[in-house]
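Atoms within a ligand are numbered from 1 in the order they appear, just like the ligands themselves. The model shown is predicted, which means the values in this text are computed figures rather than measured ones.
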Amino acid sequence: MATEAGKPLSSARPAARVHSLLVETRERVEFKDITGILQDLVTESGVQSGTCFVFVPHTTAAILFNENDDPALQKDLDAFLKQLAPSDKSYHHNDGNCDAHLKAAVIGNSKALLVENGRLILGRWQGVFLCEFDGPRRRALRVKVVAD
Ligand code: ZN
């Protein structure tokens, strides 16, 4: 609904804003579970039904959905990505972190999650990870929760 001036009528719809967070990583390669951080932002937003956008503004970090039950899987992810982009290979981009750029490119810098009944929709075994490929560093994280 809209007023005659074309402005929406006030409603209980929560205002969306971009949250800026800092996440510390401790290893060169690390898969940091940020599911709880995101759920807290959704809860704080008051959004019951909508979308949660997650973005890392970095070229050597990424956002991944995967199993967060067995920590051993992270070792396999690391080994798999090392096969794709070995750190000791000769690259054109030779500042020593090309493997990290390539791993981040494969996984991607952003994801969207659906929100229903105030909860992120995730599979039983799924979690959201900030992937660090050139740490340890302090990584920025941008999150926006938008109501339907
Ligand atoms: Zn680089």
**OP:** Report the angle formed at the Zn ion (ligand 1) by atom NE2 of H93 and atom OD2 of D95, rounding to the nearest 10°.
**Re:** 90°
Original post:
Does a side-chain N-to-carboxylate-O contact under 4.0 Å join D99 and K89?
Top reply: no
Original post:
Is the distance from the Zn ion (ligand 1) to the nearest N/O/S atom of C98 under 2.8 Å?
Top reply: no
Subject >> salt_bridge(E44, R17) N-O dist < 4.0 Å >> reply: yes
Subject >> Counterpart residues, salt bridge (charged side-chain N to carboxylate O under 4.0 Å, His left out), relative to E116 (two or more places apart) >> reply: none
Original post:
By atom name, which N, O or S atom of H101 is the nearest to the Zn ion (ligand 1)?
Top reply: NE2
Original post:
Any N/O/S atom of N97 sitting less than 2.8 Å from the Zn ion (ligand 1), backbone or side chain?
Top reply: yes
**OP:** Could you list the residues that satisfy salt bridge (charged side-chain N to carboxylate O under 4.0 Å, His left out) with D78, not counting sequence neighbours?
**Re:** K82
